[in-house]
Amino acid sequence: MRVSVDENKCVSSGQCAMTAPAVFDQHEDSGVVWLRTDRPAAEQQEDTRSAALVCPVVAITVTED
C-alpha cells in the first residue's frame, strides 16, 4: 500500500489523524495533514483505508500494491 495526500485540498478536519495516527498527523500552525509514512505497516493498513474514506474532501489517496 502507498498513501499520498493533497495538502491543497485538506480542510484540517483531523479525521485522518484521529483514525490512523500512526500514518497521519497535522501541522501545528495550520492543521493541514502531513504523512508520517507513505508506506503503512500491515497492521496500519485498515485504519489507513478508513481514514481515506472519512476524509470530507477526499484529500487522501490509497494505492494498493
TODO: Measure across Q15 and T19 and return the closest heavy-atom pair with its distance rounded to 0.1 Å.
DONE: O-OG1, 2.7 Å

Open item on the list: Can a donor-acceptor pair be found, under 3.5 Å and without considering hydrogens, that links the side chain of R2 to the backbone of D65?
Closed with: no

TODO: Kindly indicate whether the side chain of D47, heavy atoms from C-beta on, has any atom under 4.5 Å from the side chain of V23.
DONE: no

TODO: Could you tell me which non-hydrogen atom of A51 sits nearest to which non-hydrogen atom of A20, and how far apart they are?
DONE: CB-CB, 4.3 Å

Task: Atom pair CD1/CG of I60 and L35 - distance to nearest 0.5 Å - done: 8.0 Å

- [ ] Search all heavy atoms of C10 against all heavy atoms of V33 and return the closest pair with its distance.
- [x] SG-N, 3.4 Å

Task: M1 and R49, any side-chain heavy atoms less than 4.5 Å apart - done: yes

Open item on the list: Are the side chains of F24 and V3 in contact, using a 4.5 Å heavy-atom criterion?
Closed with: yes

- [ ] Quick one: closest heavy-atom pair of K9 and A59, and the distance?
- [x] CB-CB, 3.8 Å

Task: Which atom of Q26 lies closest to which atom of S12, heavy atoms considered - done: NE2-O, 3.6 Å

Open item on the list: Is it the case that atom CD in E7 sees more than 12 heavy atoms from other parts of the structure closer than 6.0 Å?
Closed with: yes

Task: Nearest heavy-atom neighbours spanning D25 and A17 - done: CA-CB, 4.2 Å

